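As the structure lists them, so they are numbered: ligands from 1, and atoms in each ligand from 1. If you're wondering where the values come from, they're calculated on a predicted model, not measured in any experiment.
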Amino acid sequence: MTGLQKLLRNIPAVDRVLREEPLQKLALRLPQEALSAAVQEQIGRLRQEILAEASLSANDLEPANVALAAARSCRDLLEPSLRKVINATGTLLHTNLGRAPLAEPALAAMRTVAEGYSNLEFDLGSGHRGYRYSHVEKLLTRLSGAEAALVVNNNSGAVLLALTALGQGREAVVSRGELVEIGGSFRIPDVMEAGGLQLREVGTSNRTHLQDYQNAINDNTAILLKVHTSNYRIVGFTKEVPARELAPLAREHDLVLMEDLGSGLLLDLSRFGLDPEPTVAEVVKAGVDVVTFSGDKLLGGPQAGLIVGREELIEKMRRHPLARALRIDKLTLAALEATLRLYLQPEQALQEVPILRMFSADPAHQQLRCRHLLERLEAAELAADVNLIEDIARVGGGAMPVTELADWAVEINPLRITVTELASRLRDFHPAVAARVQNEKLLVNLRAVFEREDERLAQILIAALQES
Ligand SMILES: *Cc1c(COP(=O)(O)O)cnc(C)c1O
């Protein structure tokens with residue numbers, strides 16, 4: 001018998017493994033089928049490793065060890081997978097970390113709607129069927145100056161709905177400098193194709209003129225589309241045609257002028273050192289017929305796609321079957337309504353919307369928080385060099401790619417473990433901590449850390465550096 005055959009023969013039976021203690025304990029929390037399936041999976045994995053002649057020892061095939069591995073995979077079922085992370089990366093709208101944290105009133109509104117029934121589609125005045133979108137329509141038209149508004153579950157959906165409802169089977173003209181790809185495989189040309197539109201590219205990557213748009217218009221043209229280059233900048237010898245110059249052209253040819261703003265600012269944030277970007281109201285005022293933007297980028301609300309514009313166009317979208325497929329759920333709607341209401345008074349939004357508070361954080365105050373953290377770490381006498389350094393926080397989330405916010409960070413250079421090991425340990429805590437590894441050091445930036453998390457973060461850093 002070859003060594004290989006011998007190993008295969010030594011794989012324990014499922015029943016035998018199930019009698020081992022780690023799985024017996026789990027039997028109180030999981031049904032028998034789940035445990036058996038986990039053991040079978042582990043056995044299958046071992047068999048494949050043996051056949052692939054991976055180096056396995058007889059020890060790996062001991063029932064107790066097989067049981068341990070199966071139990072580990074069962075525990076994944078029992079523990080929350082989606083959980084809290086302290087964001088010490090200095091990137092405020094981190095797409096992988098869930099973009100914008102919500103304001104208190106948004107959280108409260110979600111809870112109210114989630115725990116019972118609501119007037120989601122019930123008109124309390126008449127007692128008749130109501131309209132889901134009515135809850136945010138007035139706020140959105142008030143804040144944007146547009147005639148009408150509609151919301152769907154994200155901005156990609158908003159773009160798809162607008163293009164499909166307004167241009168299916170026809171052409172949309174877009175500048176080559178604006179054929180944007182957003183992370184997560186959202187590409188303007190692909191969205192066009194999905195919506196059944198023909199893309200007509202005009203201009204070059206760096207320069208597009210009004211004349212280029214003009215020349216591209218034909219009997220089959222439906223839309224002039226502008227896309228905000230929210231995650232890159234073309235600099236140098238450049239020219240783009242602003243919406244206000246495209247508006248008369250669209251009018252003249254009876255076309256829809258649409259702009260995908262991406263982030264969608266409701267307030268001018270340039271006073272905080274952010275790139276000057278047009279607000280949604282300014283874009284509407286410039287004569288754009290349909291504007292789309294995200295709920296969870298600079299707006300600081302839940303994931304949603306917001307559409308504002310001319311009534312007859314919005315009405316076409318409301319009636320399109322895609323609107324139903326992309327419809328916003330009640331929890332999101334509740335959070336969005338509460339967030340938008342904060343914007344009725346800009347000062348209130350700046351105070352209460354977490355992402356806006358982070359933008360407006362005073363660097364001197366950030367430095368103070370970092371200094372406190374540094375003192376905590378120094379007092380713990382850890383095997384690490386720790387320093388206070390100047391750092392930069394970024395907007396992230398595919399918004400304002402060149403904006404740098406002056407900030408501070410605590411730099412940690414562990415002496416007994418590698419930086420990679422330290423970062424990995426931090427991700428293992430509850431809550432997990434995400435920090436930045438830069439130049440072989442760990443950088444802890446507090447711009448996106450809530451002050452209420454500072455103490456917990458200090459404890460976690462100390463514990464991670466104390467583990468041997
Ligand atoms: C982010 C972004 C999108 C996608 O928005 P989601 O809300 O993430 O779906 C589309 N267009 C632009 C220009 C963007 O910046």
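For Lys226, the heavy-atom gap to ligand 1 stays at 4.0 angstrom or more. Ligand 1 has Lys297 within reach: a non-hydrogen atom of the residue lies less than 4.0 Å from it.
Under 4.0 angstrom from ligand 1, there are no non-hydrogen atoms of Glu259.
Judged purely by atom type and a 3.5 angstrom limit, His320 uses its side chain to pair as donor or acceptor with the backbone of Leu322. The closest donor-acceptor contact from the side chain of Arg75 to the backbone of Ala70 lies at 3.5 Å or more, if one exists at all.
Using modelled atom types and a 3.5 Å distance limit, the side chains of His228 and Glu277 yield a donor-acceptor pair. Between the side chains of Gln459 and Arg456, at least one donor-acceptor pair of N or O atoms lies under 3.5 Å.
The pair Asp362-Arg369 fails the salt-bridge criterion, with no side-chain N (NZ, NE, NH1 or NH2) lying under 4.0 Å from an Asp/Glu carboxylate O.
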- Item | Test log, rule side-chain contact (heavy atoms from CB on, under 4.5 Å), inputs Phe359 and Val395 | CA-CA 8 Å; Phe359 286 137; Val395 178; 3.8 Å; yes
- Query: Taking it one step at a time, do Leu333 and Arg132 satisfy side-chain contact (heavy atoms from CB on, under 4.5 Å)?
  - Reply: CA-CA 9 Å; Leu333 194 60; Arg132 175 178 300 249; 3.9 Å; yes
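When hydrogens are left out, the protein atom nearest atom 7 (O) of ligand 1 is Ser294 OG, 2.6 Å; that is the closest non-hydrogen contact. Atom 15 (O) of ligand 1 has its closest protein heavy atom at Ser230 OG, 2.4 Å. In this structure, atom 11 (N) of ligand 1 lies nearest to the protein heavy atom Asp260 OD2, 2.6 Å. Nearest protein neighbour of atom 9 (O) of ligand 1, counting heavy atoms only, is Ser156 OG, 2.6 Å. At the top of the distance list for atom 3 (C) of ligand 1, counting protein heavy atoms only, stands Asn155 ND2, 3.4 Å.
Checked against a 3.5 angstrom limit, the closest N/O atoms of Asp296 and ligand 1 fall outside it.
Evaluated for a side-chain contact (heavy atoms from CB on, under 4.5 Å) with Tyr133, the options Leu150, Leu140, Ile314 yield exactly one hit, Leu150.
Residue-ligand proximity, Phe186 to ligand 1, at heavy-atom distances under 4.0 Å covers atoms 10 (C), 11 (N). Taking every heavy atom of His228 and a limit of under 4.0 angstrom, the matching atoms of ligand 1 come to 13 (C). Listed by number with element, the atoms of ligand 1 under 4.0 Å from a non-hydrogen atom of Arg99 are 6 (P), 7 (O), 8 (O).
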